[in-house]
Amino acid sequence: MRCRAMDLADQRFRLHTTATLSAPTSGMSQRIIFDGLNLSLRRGTGIATYTRIPTHTAHDLGHEVGVVYSTPFTPAKNQLLREIAFFDEKRAAMSGKRKLTLGRALNHAIDQTQYHLPVKPLPVELTGAVVSRQSKRSLAAHDRVFVSRNLFAIARTYFSRTKAFVNLAFEPRPDVFHCTYPLPLRVRSACNVYAIHDLVPLGLPFTTQDNKRQLFRLLKKIAREADHIVTVSVNSKQDIIDLLGVEEKESRIPIRQSTFPKEWIERPEAVIENQPEGNFGTEFNDYLLFYGA
């Protein structure tokens with residue numbers, strides 16, 4: 001089912017390369033919300049980079065960008081405390097696995113009973129009261145930040161139990177909601193876009209520790225219900241068509257990936273040639289460059 005923002009999404013929501021983006025015309029700016037799942041990880045991932053660069057690109061082109069994060073705590077009612085807690089949770093000591101206490105187990109159970117209703121993440125007003133320079137490189141570009149208690153973990157548990165997506169409700173409501181990783185989340189009033197980077201857990205199940213049955217069910221539901229699916233290679237696109245049953249003639253799967261920042265690409269060639277020797281003691285082109293973990 002096409003949402004009303006779908007045509008605009010086709011034209012402007014190719015946020016995986018700057019070449020496909022154009023500045024919105026007057027009155028056509030989109031309100032886009034991304035998930036902050038991988039942005040919350042202390043060491044980051046390739047998907048964190050994938051999320052960060054499109055948020056900057058969309059923001060620079062005049063779209064309104066929001067990011068929704070999960071928090072292990074109940075968000076404070078006081079706006080300043082909510083802002084302080086948002087940055088406090090980015091400390092290394094806070095970003096690892098936390099022990100399950102009776103209070104957290106109780107919160108988890110309460111959240112489970114409430115997730116059959118739309119979940120309303122709370123806004124975090126970034127007033128500048130917190131000095132955030134040290135977090136600038138890891139943060140997405142956003143006009144709005146939202147938090148919800150244990151959002152991603154509870155959504156997965158809820159999907160495992162009910163086979164249903166968790167509905168999110170934002171104020172103001174977005175035109176586009178983009179899950180940069182397969183998550184059982186959606187926004188009813190928005191165009192829901194999901195990134196499926198690859199199907200390695202299904203094609204090479206012995207190489208990952210995912211719950212294959214639950215992941216398969218989630219991916220099949222995304223394939224059925226997504227307004228738009230994006231992936232990063234011809235091979236991944238074909239896997240999605242073959243393994244998830246997406247009709248190629250009906251699929252809307254552009255092949256896009258994040259680009260390098262413009263200032264990296266436009267550096268003088270002499271600077272590029274000298275950098276490997278200065279940083280690593282190796283000559284230019286005398287190395288193998290590998291992107292991945």
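For the numbers below, each heavy atom of this structure counts, side chains included, while hydrogens, waters and symmetry mates do not.
Side-chain contact between L202 and F216 is present, with heavy atoms from C-beta onward closer than 4.5 Å. A 4.5 Å side-chain heavy-atom check between F177 and V68 finds at least one atom pair inside the cut-off. Using a 4.5 Å heavy-atom cutoff, the side chains of Y69 and F86 are in contact. A 4.5 Å side-chain heavy-atom check between I196 and L219 finds at least one atom pair inside the cut-off. Considering only heavy atoms from C-beta on, V200 comes within 4.5 Å of T207 through its side chain. For the pair L185/F165, no side-chain contact is recorded, criterion being any heavy-atom separation below 4.5 Å from C-beta on. Between N211 and R213, the closest side-chain pair of non-hydrogen atoms falls below 4.5 Å. Within the 4.5 Å cutoff, the side chain of V119 has no heavy atoms near those of the N167 side chain.
Atom OH of residue Y194 and atom CD1 of residue I229 lie 9.5 Å apart, to the nearest 0.5 angstrom. Note that OG1 of T231 is 7.5 Å distant from CG of D198, once rounded to the nearest 0.5 Å. Rounding to the nearest 0.5 Å gives a distance of 8.5 Å between SG of C191 and CD of Q30. Interatomic distance, CD1 of I222 versus CG of L218, reported as 4.0 Å (0.5 Å rounding). Atom CG of D242 is separated from atom NZ of K237 by 11.5 Å, given to the nearest 0.5 angstrom. Atoms CG and NE2, from N192 and H178 in turn, are 11.5 Å apart once rounded to the nearest 0.5 Å.
Environment of OH in Y287: crowded, with over 12 heavy atoms of neighbouring residues, nucleotides or ligands closer than 6.0 Å.
Residues R149 and T74 have side chains that bring a donor and an acceptor to within less than 3.5 angstrom of each other. Side-chain N/O atoms of E277 and T282 include no donor and acceptor closer than 3.5 Å. In summary, the side chains of D35 and T180 do present a donor paired with an acceptor at a separation below 3.5 Å, with no hydrogens or angles considered. Using modelled atom types, one finds a donor on one side chain and an acceptor on the other under 3.5 Å when comparing S236 with S233. Residues Q275 and R267 bring a donor and an acceptor atom of their side chains to less than 3.5 Å of each other.
Contact detail for E171 and F146: the closest heavy-atom pair is O-CE2, 4.1 Å. Taking each heavy atom of A155 and P184 in turn, the nearest pair found is O-CG, 3.4 Å. Heavy-atom minimum distance, L151 versus Y115: CA-OH, 3.6 Å. Closest approach of A195 to P182, counting heavy atoms only: O-CD, 3.6 Å. Residue A190 comes nearest to P174 through the heavy atom pair CB-O, 3.5 Å, listed as atom of the first residue, atom of the second, then distance. Considering every non-hydrogen atom in both I32 and A58, the closest pair reads CD1-CB, 4.4 Å.
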Quick one, L126 with H142, criterion side chain to side chain contact (heavy atoms under 4.5 Å, CB included). Give me CA distance, side-chain angles, the key distance, then yes/no.
CA-CA 10 Å; L126 302 183; H142 41 52; 3.4 Å; yes

Show your working on side chain to side chain contact (heavy atoms under 4.5 Å, CB included) between V67 and L39 and close with a plain yes or no.
CA-CA 10 Å; V67 181; L39 294 175; 4.1 Å; yes

Going through the distances and angles, do D227 and V193 end up as a side chain to side chain contact (heavy atoms under 4.5 Å, CB included)?
CA-CA 6 Å; D227 294 304; V193 180; 5.7 Å; no

I'd like to know whether V166 forms a side chain to side chain contact (heavy atoms under 4.5 Å, CB included) with I154, so could you lay out the CA-CA distance, the side-chain angles of the two residues, the decisive distance to 0.1 Å, and finally the verdict.
CA-CA 9 Å; V166 171; I154 299 294; over 6 Å; no

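Cluster annotation: Y181 and V187 are assigned to the same hydrophobic cluster (Ile/Leu/Val/Met/Phe/Trp/Tyr, side-chain heavy-atom contacts under 4.5 Å, transitive). Connection of L215 to F206 is not established within any shared hydrophobic cluster, with ILVMFWY side chains joined at heavy-atom distances below 4.5 Å, either directly or through further cluster members. Put simply, I33 and L122 are part of two different groups of oily side chains (I, L, V, M, F, W, Y) that touch within less than 4.5 Å, one to the next.
Of the possible donor and acceptor atoms, none in the side chain of D210 sits under 3.5 Å from a partner among the backbone N and O of K212. Side chain of T208 to backbone of L204: no donor-acceptor contact under 3.5 angstrom is found. Judged by distance alone, with hydrogens and angles left aside, the side-chain atoms of D88 form no donor-acceptor pair with the main-chain N or O of I84 at under 3.5 Å. Side-chain atoms of D143 come within 3.5 Å of backbone N or O of V65 as a donor-acceptor pair.
Among residue pairs with one or both ends in residues 63-87, those qualifying as salt bridge (Lys or Arg N to Asp or Glu O under 4.0 Å) are R31-E64, E64-R144; sequence neighbours excluded.
Figure legend: cation-pi geometry between K120 and F170 absent, as NZ or CZ is not positioned both under 6.0 Å from the six-membered ring centre and within 45° of its axis.
Separation of the H197 and Y50 ring centroids falls under the 6.0 Å cut-off.
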